[in-house]
Amino acid sequence: MKIRVMLVDDHLVVLRGLKFFLNTQEDIEVIGEVENGEKALKAYEEWKPDVVLMDLMMPVMDGVEATKKLREAHPEAKVVVLTSYSDQDHVIPALQAGAVGYQLKDVDPDELVKTIRAASKGEKLLHPKATNLLLEQMSSGAEKKEPGVHFKLTNREKDVLYQITLGKSNKEIASDLYITEKTVKTHVSNLLSKLQVHDRTQAAIYAMKENLFADRSDEKG
């Protein structure tokens with residue numbers, strides 16, 4: 001089964017280049033392309049792609065708004081942002097809107113393919129600049145949080161958080177911990193609230209930044 005990708009960008013040259021390159025990959029198929037966020041919302045309903053490759057700066061509706069509305073209507077939608085912007089005013093809103101990946105247009109083509117493949121599995125990959133900005137934002141807000149906030153997590157919530165740092169989906173976590181997906185979702189919601197972060201990516205980065213699971217590093221193999 002090929003990964004079905006929809007392209008969203010207002011530059012025709014970019015669309016054609018991306019389509020040509022991605023279609024050379026044996027496991028990826030570009031099923032369509034549109035030039036703005038508004039059209040992307042309508043096209044998603046019709047095409048149901050596995051991954052949406054989304055530009056940010058577009059007419060009619062930009063990528064952040066489109067990502068937000070798409071995720072609200074289709075929580076399962078997997079959006080990878082591909083843009084020229086790596087500043088905080090673009091990275092943070094895109095991730096808060098629900099993007100599962102963030103790459104710059106000068107990224108190595110193989111890295112872009114890797115990000116698309118990861119997104120299709122429910123995993124997240126961010127450009128190093130995006131990751132750094134996310135860490136900076138979390139560090140700047142650290143003073144507002146109570147020290148040792150992670151100690152408020154239950155043992156099961158810590159287990160779920162550890163699985164998240166491994167990039168596992170709710171289904172995989174449920175299988176590994178012998179609990180239902182619904183229970184996993186409840187634990188994820190609770191730990192996001194306790195850690196005061198917006199999504200799984202921020203939770204994972206928090207866990208790694210605080211070195212919460214150093215004693216479990218030998219389990220990753």
Side-chain angles (χ1 to χ4, degrees), residues 1-87 89-127 129-130 134 167 169-171 181 185 198-202:
M1 294 293 291
K2 290 190 175 184
I3 302 170
R4 302 166 68 253
V5 177
M6 180 174 79
L7 307 178
V8 187
D9 199 300
D10 61 326
H11 292 94
L12 184 58
V13 173
V14 173
L15 287 175
R16 287 182 175 176
L18 283 171
K19 183 176 182 179
F20 176 81
F21 168 69
L22 293 177
N23 279 338
T24 65
Q25 306 299 308
E26 293 184 357
D27 59 339
I28 294 177
E29 176 187 8
V30 175
I31 60 172
E33 58 270 2
V34 294
E35 65 270 22
N36 63 61
E38 186 174 88
K39 290 188 176 181
L41 296 179
K42 297 177 181 178
Y44 188 91
E45 296 282 352
E46 178 181 353
W47 298 336
K48 292 294 191 295
D50 299 311
V51 176
V52 179
L53 201 56
M54 181 86 72
D55 188 21
L56 287 184
M57 303 304 290
M58 297 178 291
V60 186
M61 183 186 292
D62 64 32
V64 171
E65 185 66 17
T67 298
K68 181 180 179 181
K69 290 188 174 182
L70 184 58
R71 291 276 295 168
E72 288 175 348
H74 304 279
E76 77 284 358
K78 300 175 178 65
V79 179
V80 172
V81 168
L82 182 64
T83 181
S84 301
Y85 299 92
S86 59
D87 59 282
D89 290 339
H90 292 88
V91 173
I92 302 304
L95 295 178
Q96 289 178 341
V100 299
Y102 196 106
Q103 292 294 351
L104 301 182
K105 289 184 176 178
D106 62 357
V107 68
D108 183 281
D110 289 339
E111 190 65 23
L112 177 60
V113 170
K114 184 179 178 182
T115 302
I116 292 173
R117 289 171 178 159
S120 72
K121 299 175 184 177
E123 302 169 0
K124 296 189 178 185
L125 281 181
L126 307 178
H127 190 280
K129 290 183 179 179
L134 200 54
S169 65
N170 284 351
K171 184 177 182 179
E181 282 190 62
K185 290 180 181 178
H198 295 287
D199 56 33
R200 298 161 72 99
T201 299
Q202 291 187 5

Value for OG1 (Thr201) from CG (Leu125), rounded to nearest 0.5 Å, stands at 9.5 Å

For the residue pair Glu45 and His74, establish whether any side-chain heavy-atom pair is separated by less than 4.5 Å.
yes

What do the steps show when you test Asp9 against Lys105 for salt bridge (charged side-chain N to carboxylate O under 4.0 Å, His left out), and what is the final call?
CA-CA 12 Å; Asp9 199 300; Lys105 289 184 176 178; 2.9 Å; yes

Asp62 side chain vs Met57 backbone, donor-acceptor pair below 3.5 Å
no

What orientation do Tyr85 and His90 show, parallel under 30°, tilted 30 to 60°, or perpendicular over 60°?
parallel

Under 3.5 Å, is there a donor-acceptor pair between the side chain of Asp27 and the main chain of Ile3?
no

Lys2, NZ atom: more than 12 neighbouring heavy atoms under 6.0 Å:
yes

Please round to the nearest 0.5 Å and tell me the distance separating atom CD of Gln25 and atom CG of Asn23.
9.5 Å

Rounded distance (nearest 0.5 Å) linking atom CD of Glu76 with atom CG of Asp50:
10.5 Å

At their closest point, which heavy atom of Ala66 faces which heavy atom of Met54, and how far apart are they?
CB-CE, 3.8 Å

If we check side-chain contact (heavy atoms from CB on, under 4.5 Å) with Leu7, which of these qualifies: Leu22, Val52, Asp55?
Leu22

Distance-minimising heavy-atom pair for Ala94 and Leu56
CB-CD2, 4.2 Å

Closest heavy-atom contact between Ala40 and Val8?
CB-CG2, 3.8 Å

Looking at every non-hydrogen atom in both residues, tell me the closest pair between Ala77 and Arg71 and how far apart they are.
O-NH1, 3.0 Å

Would you call Thr83 and Tyr102 a side-chain contact if the rule is heavy atoms closer than 4.5 Å?
yes

Can you see which heavy atom on Leu104 is nearest to which on Ser84, and at what distance?
CD2-C, 4.3 Å

How long is the straight-line distance from CD1 of Ile31 back to CE of Met6, given to the nearest 0.5 Å?
7.5 Å

NZ on Lys124 to CZ on Arg200, rounded to 0.5 Å
7.5 Å

Are any side-chain N or O atoms of His11 and backbone N or O atoms of Val13, one a donor and one an acceptor, separated by less than 3.5 Å?
no

4.5 Å side-chain heavy-atom contact, Val51 and Val80:
yes

Other residues, nucleotides, ligands: >12 heavy atoms within 6.0 Å of Lys171 NZ
no

Contact between Asn170 and Lys185 at the side-chain level, heavy atoms closer than 4.5 Å - yes or no?
yes

Hey, does Val34 have a side-chain heavy atom less than 4.5 Å from the side chain of Lys42?
no

Taking the side chain as C-beta and beyond, is there a heavy-atom pair between Lys68 and Val64 under 4.5 Å?
no

Under the 3.5 angstrom rule, does the side chain of Glu111 hit a backbone N or O of Val107 as a donor-acceptor pair?
no

To the closest 0.5 Å, what do you measure between CG (Asp10) and CD (Glu35)?
8.5 Å

Tell me, do Leu18 and Leu112 make a side-chain contact under 4.5 Å, heavy atoms counted?
yes

Could you tell me which non-hydrogen atom of Ala99 sits nearest to which non-hydrogen atom of Thr67, and how far apart they are?
N-CG2, 3.8 Å

Yes or no on side chain to side chain contact (heavy atoms under 4.5 Å, CB included) for Thr115 and Leu82, after CA distance, side-chain angles and deciding distance?
CA-CA 10 Å; Thr115 302; Leu82 182 64; over 6 Å; no

